[in-house]
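Worth knowing before you read on, the calculation uses all heavy atoms, side chains too, and leaves out hydrogens, waters and symmetry mates.
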Amino acid sequence: MEDIESEEDNNVELPGQLSDNGIEIPNLEKQKEDQEDILKNEMKVPIPAIKEDKDNSISDNMDTEEDNIEDSSLPIIGTVTHNVYTVGGGSNHIAQKMVYVGETSLEGNREITVFPDVVAGQPYVLLVLKDTEVENLLSSDNLLYIEQQIADDNNQVSFSYIPKESGGTAYCYGAGNKRIDHANISTEKLTWNGTSQSANLMVTYDGEVLEEDKDYRVSGVRDIVNAGTYQITIQGINDYSGTVTTQFNVAKGTNAIKVSNVTKKMSTKSQSFFIGAQNVGKSKMIYKSNNKSVKVNSSGKIMINAKYIGKATITITAIETENLKKATKKISVTVNPSGTSIVKMANLTKGKATITWKKNNYVSGYQIRYTVKSNFKSDVKVKTVSGKSSVKIILSNLKKGKKYYVQIRTYKIVGKMKSYSSWSKIKTVQIKK
């Protein structure tokens, strides 16, 4: 930083000397070099110098060398009472002239000013100025008080003083620090899973990953049980200052409904049963059927009309909860026709067998299958008999000396759908002719 020159008549009185009104004030009657040594070397803070440009007013937002400050690294003199203006160079990243607000209280005729968000252990100088826009800021007429203090471990620096006059503007100069609210803060994406989860933070400053309890402290909810939006506060410590509040979200989890398709056999009486649906979150479920012959109530009880054959779709919805999204699942309730059974089988003529079964008045026809394989896995032949009134069929081209395995089932045509009953018990016939 370039040396700061003052006018020849800028005499600053040092402590121990009394002003005209009898108040002890700083005594700087030495030459200009002594003033600079005290203010720059001993106090280790830059003192602002103002250009003689009368047309430009002093601003809190001077960001270029064309403003009223001879050195852009110097603190800004503004007009806001009790503010800390800190700047720095190089990697300190405070060259943007940040503003920190102090708090002043009165104890009798003594003023106590506390400036937060400074660097712990660093020296800071308090200047109380009568007028912030005069050319010679540190003249004995304008300087109401000057003092140096060391910032405490809580990143604060406090001054207790009696100024020569009331109504002055207090400024604190010293080492600039890094603002935690200028850091990049991110949290991992969390989704509710029914267990306690921790919100892991990633705090980086200018590409450097910061460490919790070394560079910052965190307050607020960290261990999360429920879904929702949470708020945490991050406070800079040591080389970092300031606080920032950020939010993170725990997304709702995905619910799952456990239930299976249902298959029933037609009955001449109405049927009812519970489908037994369950969901992970144990939330309330809503049921809906698309078929008037297959109804469902609010408890998941299915009621099937008598003699009904066909298929219905049941839609089950688990409602959205605090922690789970809405879930939907569809199942089918299929009512197949009742079956029939084989009454008689006989090999009456050469290579033929007569098959007779019970009549079923609620079907559209019958289907017969036969083979020489007991497991029906190969060489299976199928015959279809339409009409519910037919009860007999003759199978031909059977091989003499072979045993044939025979089964029968019914079918019902409803609209474009053909429903089948289950296969009957296996019957056998020996071809002897």
**Message:** By the side-chain hydrogen bond (donor to acceptor under 3.5 Å, both in side chains) test, which pairs, at least two apart or in different chains, include something from residues 270-280?
**Reply:** Asn255-Asn279, Asn279-Ser283
**Prompt:** Do we see a donor-acceptor contact under 3.5 Å between the side chains of Arg409 and Gln367?
**Reply:** yes
**Message:** Tell me whether the rings of Phe115 and Phe159 are parallel (<30°), tilted (30 to 60°) or perpendicular (>60°).
**Reply:** perpendicular
**Message:** Under 3.5 Å, is there a donor on one side chain and an acceptor on the other for Asn323 and Asn226?
**Reply:** yes
**Message:** Other residues, nucleotides and ligands only: do more than 12 of their heavy atoms fall within 6.0 Å of NZ on Lys326?
**Reply:** no
**Request:** Hey, could you give me the CG/OG1 distance between Asn249 and Thr229, rounded to the nearest 0.5 Å?
**Result:** 4.0 Å
**Message:** Between Tyr145 and Glu147, is there a side-chain donor-acceptor contact under 3.5 Å, judged purely by atom types and distance?
**Reply:** yes
Residues 195-202 side chain polar contacts: donor-acceptor under 3.5 Å, at least two apart:
residue, atom, partner, partner atom, Å
Thr195, OG1, Asn193, OD1, 2.7
Thr195, OG1, Asn193, ND2, 3.4
Gln197, NE2, Thr191, O, 3.0
Asn200, ND2, Glu188, OE2, 2.5

**Request:** Please confirm whether Tyr240 and Tyr205 have ring centers closer than 6.0 angstrom.
**Result:** yes
**Asked** Are Tyr308 and Asn291 linked by a side-chain donor-acceptor pair shorter than 3.5 Å?
**Response** yes
**Request:** Find out whether the Lys NZ or Arg CZ of Lys264 is both under 6.0 angstrom from the six-membered ring centre of Phe273 and within 45° of the ring's axis.
**Result:** yes
**Message:** Using side-chain heavy atoms (C-beta onward) and a distance below 4.5 Å, is Ile408 in contact with Thr340?
**Reply:** yes
**Prompt:** Any ion pair linking Arg217 and Glu212 (charged N to carboxylate O, less than 4.0 Å)?
**Reply:** no
**Prompt:** Cationic tip of Arg110 within the cone over Tyr161's six-membered ring, i.e. under 6.0 Å and within 45° of the normal?
**Reply:** no
**Item:** For Gln231, side chain to side chain contact (heavy atoms under 4.5 Å, CB included) partners two or more places apart
**Value:** Thr245, Gln247
**Message:** Going by the rule side chain to side chain donor-acceptor pair (under 3.5 Å), which residues pair with Asn297 if we only count those two or more places apart in sequence or in a different chain?
**Reply:** none
**Asked** side chain to side chain contact (heavy atoms under 4.5 Å, CB included) with Val372: which residues, sequence neighbours excluded?
**Response** Lys402, Tyr404
Please tabulate, for the side chains in residues 310-320, all donor-acceptor contacts under 3.5 angstrom to protein atoms that are two or more places apart in sequence or on a different chain.
residue, atom, partner, partner atom, Å
Glu320, OE2, Lys252, NZ, 2.8

**Request:** Mind telling me whether Tyr230 and Phe248 have parallel, tilted or perpendicular rings, with 30° and 60° as the class edges?
**Result:** parallel
